[in-house]
Protein chains: 2
Amino acid sequence: MALRHAVLAALLDGEFSGYQLAKGFDIGVANFWHALPQQLYAELSRLEDEGLVAGREVVQEGRPNKRMFHVTEAGVAELERFATTPAKPSFIRDDLLVKVQAVDGVDPAPVIAQLQERAAVAEAKAEVLGKLLVRLRGAADEEEFLRTGRRIGPYLTCRRGLAFERETYDWCLRTAEVLRQRVVTVRSGE
Amino acid sequence: MALRHAVLAALLDGEFSGYQLAKGFDIGVANFWHALPQQLYAELSRLEDEGLVAGREVVQEGRPNKRMFHVTEAGVAELERFATTPAKPSFIRDDLLVKVQAVDGVDPAPVIAQLQERAAVAEAKAEVLGKLLVRLRGAADEEEFLRTGRRIGPYLTCRRGLAFERETYDWCLRTAEVLRQRVVTVRSGE
DNA sequence: TGGCCATAGTCAAGAATATGACTACTCTGA
DNA sequence: TCAGAGTAGTCATATTCTTGACTATGGCCA
């Protein structure tokens with residue numbers, strides 16, 4: 001039940017609408033918590049009912065009105081409480097890893113293709129995250145920023161995301177190469 | 001719905017009981033697909049009903065009987081089909097990352113403590129995975145094994161798991177250090 | 001002027017996961 | 001000899017996540 005806390009954590013950066021969160025979840029918080037728009041809207045409603053966030057209607061012209069949310073004091077208190085509860089071990093869930101695990105029993109060609117695709121996605125994501133890091137730290141260099149910046153949480157999680165994507169990229173390419181080599185080996189009658 | 005495929009992939013290594021899978025899921029397949037025992041038992045039943053795995057009762061003395069499962073031809077075909085479906089993007093889900101994201105708004109002390117704990121867990125897991133790699137490749141060296149071994153799927157996913165745990169370890173320690181430094185900085189009135 | 005995309009959000013239903021309790025037997029250590 | 005841990009598995013319930021459809025409006029392009 002940490003989606004609510006992920007939302008609260010994301011809202012520490014300011015005021016956001018459900019729609020903005022749904023977009024932004026792809027780059028920022030989504031490194032460690034993926035959610036669909038429907039979940040976010042529903043969670044925001046629940047959080048508002050419980051007084052952990054507060055929303056205000058923003059009337060817009062030329063486009064639908066929206067509701068901007070921010071964290072309340074009670075919301076910060078809830079985050080505080082959450083931070084002290086023992087963390088559950090993290091886990092990855094990845095279709096592609098399942099396919100690689102099974103690769104000895106099936107045709108490797110589609111797996112190789114998917115590794116390649118995934119590498120491309122990871123590369124693109126890594127680039128986005130790299131740029132986000134630069135934007136977050138602004139003019140300061142990294143060390144300086146980490147020592148004195150006033151909002152380093154997103155920066156730290158972003159670094160983790162970047163390392164993860166780079167690792168994914170490397171692993172996908174190296175794994176695809178291994179599988180490709182084996183196809184050649186088998187064909188040449190090893 | 002890839003738990004079923006994770007189970008099928010795990011059973012490619014031989015015959016296992018639900019109980020064994022539940023234990024082993026922690027080290028092997030669990031790198032990319034975590035599941036509770038109840039889920040595994042339920043999934044095995046469903047897979048058996050659908051003819052994708054077959055079980056046989058093994059009568060034991062001094063302990064409860066067990067059911068050993070293996071993948072059927074239909075099961076392999078299902079894996080084959082699965083391997084060709086487009087892979088969904090993977091995602092991490094991590095309580096601890098949420099806490100780090102929120103660390104600017106809350107007391108960092110418990111977060112630092114949890115980062116330390118997590119680093120220890122990751123280190124232990126990395127060691128287990130390292131040993132598993134050695135066991136999987138046996139006498140051969142890595143290159144040799146990857147070229148000619150007949151069951152490399154688990155090896156490849158295990159390498160990914162190892163890289164992930166090492167990355168987690170590094171990130172946790174570096175992040176904890178950053179947060180500790182800041183506490184000092186703030187205390188000294190920066 | 002018809003179709004598509006973006007903004008902004010909602011509803012309902014279903015599948016997948018998690019939580020907690022429970023049976024039953026055996027071996028081991030205090 | 002009693003408690004606890006390990007083996008092997010089941011059941012029921014609750015929460016969470018995913019899928020798919022749906023409302024509205026405005027702008028852009030052909």
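We name chains A, B, ... by the order of the sequence lines, and we start the count at 1 in each one. The figures that follow rest on heavy atoms only: side chains count, while hydrogens, waters and symmetry mates do not.
- Atom-to-atom, NZ of K88(B) to C1' of dA15(C) comes out at 11 Å; the value is rounded to the nearest Å.
- Rounded to whole Å, the distance from CZ on R63(B) to P on dG6(D) is 12 Å.
- Between E48(B) and R67(B) there is a salt bridge, since a side-chain N of the basic residue sits under 4.0 Å from a carboxylate O of the acidic one.
- When the options R159(B), K125(B), R160(B), R118(B) are evaluated for a salt bridge (Lys or Arg N to Asp or Glu O under 4.0 Å) with E165(B), the one that passes is K125(B).
- Contact between the side-chain N/O atoms of Y19(B) and the OP1/OP2 oxygens of dG9(D) is not found at any separation under 4.0 Å.
- Picking from dT17(C), dT18(D), dG9(D) the nucleotide with the shortest atom distance to the side chain of L36(A) gives dT18(D).
- The distance from atom CD of E43(B) to atom P of dA18(C) is 13 Å, rounded to the nearest whole Å.
- Remark: R93(A) is in phosphate contact with dT17(C), judged by side-chain N or O atoms under 4.0 Å from OP1 or OP2.
- Here the nucleotide nearest the side chain of K23(B), chosen from dG9(C), dT7(D), dT19(C), is dT7(D).
- Using modelled atom types, one finds no donor on one side chain facing an acceptor on the other under 3.5 Å when comparing Q101(B) with H5(A).
- With hydrogens and angles ignored, a donor-acceptor pair under 3.5 angstrom links the side chain of Q38(A) to the base of dG20(D).
- The distance between atom CG of L40(A) and atom C1' of dT10(C), rounded to the nearest whole Å, is 14 Å.
- Neither OP1 nor OP2 of dT10(D) sits under 4.0 Å from any side-chain N or O of Y41(B).
- Atoms CD (Q60(B)) and C1' (dT7(D)) sit 8 Å apart, rounded to a whole Å.
- For Q39(A) and dT16(D), the shortest distance from a side-chain N or O to OP1 or OP2 is not below 4.0 Å.
- Classified by interplanar angle (parallel below 30°, tilted 30° to 60°, perpendicular above 60°), the ring pair F164(B)/F164(A) is perpendicular.
- Looking at D13(B) and R151(B), a side-chain N of the basic residue comes within less than 4.0 Å of a carboxylate O on the acidic one, giving a salt bridge.
- Between the C1' atom of dT10(C) and the CZ atom of R67(A) lies a distance of 13 Å, rounded to the nearest Å.
- The side chain of P64(B) sits closest to dC25(C) out of dT25(D), dC25(C), dT17(C).
- OP1 or OP2 of dG9(C) has at least one side-chain nitrogen or oxygen of S17(A) nearer than 4.0 Å.
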